[in-house]
Amino acid sequence: MKYLIRTLLIFFLVAVAAGPLQAQKKKNRKKAKTQRTVSQKKKKLRGKTATVRPAAKKTAKTTAARSQAQETVSDKGSVLQGLGDTASPKMVTITSAFKPYLKNAAKVNFTAATPVIDSSRMAVSYTIPSQNLFFSYQPVPIKPLALAVDSGYLWENNQYIKIGAGNFSSYLAEAALSFGDGKTNITTIKGNFLTSTGHLFAQQTAKWGLDLVSILNTRTDHEWTTHAYYQSSTQYQYGYEPASLNFNKEDLLERYSAIGIDLGMQSKKANAFGITYHPQLKLYRFFDNREAHENSVWLQLPVNKTFGKNLGFDLGVTADMSTARFPLIPAERVLKNNLYYVSPSVQFHSGSVKINAGVQPSWDNKAFSLLPNLTAQTRLADLNLVLEAGWVGYYQKNTFRSLAGFNPWIGPLLSLANTRITEQYAGIRGASGDHFTYQVKASLLKLKNQALFLNNTTDGKTFDVVYEPEMNAVRLHGEVGYTVQENVSFSAGASFTEYSNLSVNSKAWGLLPLEANGSVKWKLLKDLQVKADVYLWDGSQYRDKSMQAKKGAAVADLNLGAEFAVMPRLNLWLQMNNLLNTRYQRWNQYSVLGFTVLGGVVYSFR
């Protein structure tokens with residue numbers, strides 16, 4: 001192996017040494033060849049006559065110069081040919097070595113100069129959305145307007161079922177369903193049922209109903225609303241005296257039912273003429289188990305026109321027509337009650353001042369009346385306070401349905417008359433801080449054809465409806481509210497009314513002089529919410545069998561409820577009513593149930 005390495009090393013050294021020798025020999029051969037080529041070119045030049053042919057020129061001067069040059073060269077050539085070249089040729093050897101080099105690069109000089117000021121302005125447009133903040137101290141009137149659909153809110157169709165049971169053989173069931181996409185259409189269906197039985201004979205009540213509400217938004221910025229319903233309430237006239245009287249339970253049965261439909265259409269924004277409108281149509285049939293019934297048609301067409309930002313004009317036309325029929329012996333009694341009125345008014349708004357001025361021509365069963373419609377309010381921004389005052393007139397229509405809803409123990413009606421009310425009022429409303437709101441209002445009222453309720457003189461289980469031609473009243477009303485986000489909310493209200501100057505009746509039979517209520521909602525825990533309600537009122541005036549006027553006792557009704565979430569879709573609920581267990585009477589001779597407890601579950605389908 002060593003000998004092989006030595007042999008290879010010797011060959012490598014010989015190759016390295018022979019390389020420069022071969023290169024030197026090749027260079028010498030190339031140099032000799034170059035010298036022979038130069039010598040041959042010189043010999044050829046000696047045997048030739050030099051002839052110069054300059055380029056042709058267009059001008060005459062250039063042409064003459066060219067001719068003269070040719071003659072001179074020709075003469076010189078002739079002389080050279082005659083003499084001949086007798087000198088031996090000379091050899092010139094030129095050796096040149098190429099040396100590459102870099103050209104000097106030009107350097108860039110930086111000069112510290114200030115930038116040029118751009119005097120042009122770029123037009124930039126910004127789109128800032130409107131920010132509307134509604135604080136608790138800015139109460140607004142309730143209007144039947146469409147709820148603007150929030151594009152960022154994802155509509156979900158929810159359904160739930162609520163069932164429960166309690167003492168006094170009480171059973172409750174409630175269910176609700178919703179359909180639609182939340183933008184173009186929404187439909188909700190709700191049903192409810194409640195029944196209970198007291199300790200007295202025929203002290204039993206049951207209520208159930210079914211509601212369907214559908215809202216449809218069209219591409220023409222209109223909203224169509226449909227409300228169809230059926231409601232039924234069943235009770236027995238158990239408030240007869242003396243209690244020793246014998247009645248068949250079926251003879252005491254009193255069942256009221258109502259079926260109807262409400263249709264409405266409103267423009268969601270003003271048209272090109274600044275006009276908005278909201279026509280409505282309501283149809284219903286109200287009937288009882290004794291074949292008494294009432295049919296009603298209610299039609300209203302309000303139109304609003306704005307003139308700029310500070311002025312507006314309202315025009316409303318209303319027709320309220322109803323006919324009630326009572327099967328009496330020997331002939332059926334028919335009671336027609338029609339009310340028509342027009343409501344033109346002008347609204348002016350400037351800064352913190354709002355003024356509404358108008359009148360209301362009315363035709364109450366063909367009797368004409370002109371009612372006032374004047375209101376004004378101003379806002380004191382520094383005090384978060386609103387001062388308001390007004391002089392308004394309006395009708396309270398008395399129908400078979402409305403009277404039975406106010407007092408379910410009424411007997412057959414002998415007549416129907418609408419109550420005309422003229423009210424002069426002044427008040428304040430505002431807020432203190434971010435959570436507390438309040439309102440105080442004082443009113444002077446003048447009432448015509450006010451409905452009053454007197455026990456029947458036979459056994460007292462039904463009430464006769466009588467009308468007071470004219471009476472006056474002074475009313476004080478107040479409201480307070482306190483809210484802390486969704487954790488705690490409190491609201492309370494009270495009304496005190498003193499009736500006077502009755503011309504026919506000695507007392508305001510069946511009307512409460514003092515009413516107060518309050519409600520508290522408290523979210524104790526994330527899954528636990530507690531609610532408490534209180535209802536207070538002073539007893540109304542009534543007349544006993546001896547035709548003596550008496551006054552009912554004051555009433556306090558306390559209620560407490562709670563709801564607890566045990567699963568994402570399942571809640572437990574508990575409701576306790578009449579915690580003081582007082583068998584008070586809202587209507588003379590009709591005592592209510594005592595302490596009641598209801599409990600159950602609520603299951604939501606999402």
Over 60° means perpendicular and under 30° means parallel, so classify the ring planes of Y240 and F247, tilted if in between. tilted
For the side chain of N505 and the backbone of L452, is there at least one donor-acceptor N/O pair under 3.5 Å apart? no
Once rounded to the nearest 0.5 Å, what's the spacing between atom CG of L252 and atom OG1 of T462? 11.0 Å
Distance col, row K507:NZ vs S540:OG, nearest 0.5 angstrom, shows 12.5 Å
Looking only at atom types and distance, does a side-chain atom of Q377 sit under 3.5 Å from a main-chain N or O of E388, one as donor and one as acceptor? no
Distance alone, cut at 3.5 Å: any donor-acceptor contact between the side chains of E470 and S503? no
Nearest 0.5 angstrom please: N449 CG to E468 CD, how far? 9.0 Å
Taking all heavy atoms of S196 and all of S170, pick out the closest pair and write down the distance. CB-OG, 3.3 Å
Closest non-hydrogen atoms of F168 and G594, given as atom of the first, atom of the second and distance, are CZ-N, 4.0 Å
Any side-chain heavy-atom pair of L570 and V602 under 4.5 Å: no
Parallel, tilted or perpendicular: ring planes of Y256 versus F286, cut at 30 and 60 degrees: parallel
Without swapping roles, check the side chain of E479 against the backbone of R429 for a donor-acceptor pair under 3.5 Å. no
Quick one: which of N577, L579, V534 gives a side chain to side chain contact (heavy atoms under 4.5 Å, CB included) with N559? N577
So which heavy atom on L335 is nearest to which on L414, and how close? CD2-O, 3.8 Å
Does the side chain of T419 pick up a donor-acceptor pair with the side chain of N398 at under 3.5 Å? yes
Does a sphere of radius 6.0 Å around NZ in K545 hold more than 12 heavy atoms from other residues, nucleotides or ligands, not counting ones at 6.0 Å or beyond? yes
D538 vs F496 side-chain heavy atoms within contact, under 4.5 Å: no
Hey, are D288 and R290 close enough for a salt bridge, meaning a charged N less than 4.0 Å from a carboxylate O? no
Residue Y467 excluded, over 12 heavy atoms near OH under 6.0 Å: yes
Is there a donor in the side chain of Y284 and an acceptor in the side chain of E294, or the other way round, less than 3.5 Å apart? yes
Judged by atom type as modelled, is there a donor-acceptor pair below 3.5 Å linking the side chain of D211 to the main-chain atoms of K190? no
For a side-chain contact (heavy atoms from CB on, under 4.5 Å) check, start with the C-alpha distance between L263 and T226, then their side-chain angles and the critical distance, and finish with the verdict. CA-CA 5 Å; L263 302 175; T226 303; 3.8 Å; yes
Restricting to non-hydrogen atoms, name the atom on V465 and the atom on L413 that form the minimum distance, rounded to 0.1 Å. CG2-CD2, 3.7 Å
Any chance the side chains of S369 and R420 put a donor and an acceptor closer than 3.5 Å? yes
Answer yes if the side chains of N571 and E563 hold a donor-acceptor pair under 3.5 Å, and no otherwise. yes
Can you confirm whether Q159 sits close enough to S178 that some side-chain heavy atom of one is under 4.5 Å from a side-chain heavy atom of the other? yes
Has T195 got a side-chain atom pairing as donor or acceptor with T205's backbone, closer than 3.5 angstrom? yes
Please report the interatomic distance CE(M576) to CG(L558), rounded to the nearest 0.5 Å. 11.0 Å
Could you tell me if the side chain of K354 sits less than 4.5 Å from the side chain of T375, heavy atoms only? no
Should E423 and R475 count as side-chain neighbours, where that means a heavy-atom distance under 4.5 Å? no
Does a donor on one side chain and an acceptor on the other come within less than 3.5 Å for H293 and E291? no
Look only at the side chain of N337 and the backbone of S322, and say whether a donor-acceptor pair between them is shorter than 3.5 Å. no
Please check if any side-chain donor atom of D364 sits under 3.5 Å from a side-chain acceptor atom of S362, or the reverse. no
Derivation and outcome, side-chain contact (heavy atoms from CB on, under 4.5 Å), residues E254 and S233: CA-CA 8 Å; E254 188 72 63; S233 63; over 6 Å; no
Y238-F201 aromatic ring centre distance below 6.0 Å: no
More than 12 non-hydrogen atoms from neighbouring residues, nucleotides or ligands closer than 6.0 Å to NZ on K551, yes or no? yes
From CA spacing to verdict: ring pair (Phe, Tyr, Trp, His ring centres under 6.0 Å), F400, F326: CA-CA 10 Å; F400 181 27; F326 299 91; 5.0 Å; yes
Between H477 and A442 (side chain of the first, backbone of the second, donor and acceptor by atom type, cut-off under 3.5 Å), is there such a pair? no
Derivation of the side-chain contact (heavy atoms from CB on, under 4.5 Å) call for L572 and L574: CA-CA 7 Å; L572 300 179; L574 178 68; over 6 Å; no
Could you walk me through whether K461 and Y590 satisfy the side-chain contact (heavy atoms from CB on, under 4.5 Å) test, starting with their C-alpha distance in whole Å, then the side-chain angles of each, then the deciding distance to 0.1 Å, before giving a yes or no? CA-CA 8 Å; K461 68 179 184 296; Y590 283 91; 3.7 Å; yes
Heavy-atom check, side chain of S343 versus side chain of T318, under 4.5 Å: no
I'd like to know whether NZ of K207 has more than 12 heavy-atom contacts from other residues, nucleotides or ligands below 6.0 angstrom. no
Taken to the nearest 0.5 Å, the spacing of K446 NZ from I421 CD1 works out to 13.5 Å
Run the ring-centre check on W522 versus F490 and record whether the distance is less than 6.0 Å. no
Test ring pair (Phe, Tyr, Trp, His ring centres under 6.0 Å) applied to F463 and F453, Y542, W587, the passing residue: W587
In this structure, CE of M547 is separated from OG1 of T457 (nearest 0.5 Å) by 7.0 Å
Is the backbone of L339 close enough, under 3.5 Å, to the side chain of K397 for a donor and an acceptor to pair up by distance? no
Okay, side chain of W573, backbone of I163: is any donor-acceptor separation there less than 3.5 Å? yes
Does some side-chain heavy atom of D533 sit less than 4.5 Å from a side-chain heavy atom of N517? no
Heavy atoms of L593 and G198 approach each other most closely as CD2-CA, 3.4 Å
Can you tell me if CD on E498 sees more than 12 non-hydrogen neighbours from other groups inside 6.0 Å? no
Taking the side chain as C-beta and beyond, is there a heavy-atom pair between Y230 and S257 under 4.5 Å? yes
Looking at K162, I want to see if its NZ is surrounded by more than 12 non-hydrogen atoms of other residues, nucleotides or ligands under 6.0 Å. yes
Would you confirm whether N455, through its side chain, and G460, through its main-chain N or O, come within 3.5 Å as a donor-acceptor pair? yes
Nearest heavy-atom neighbours spanning Y425 and S443: CB-OG, 3.5 Å
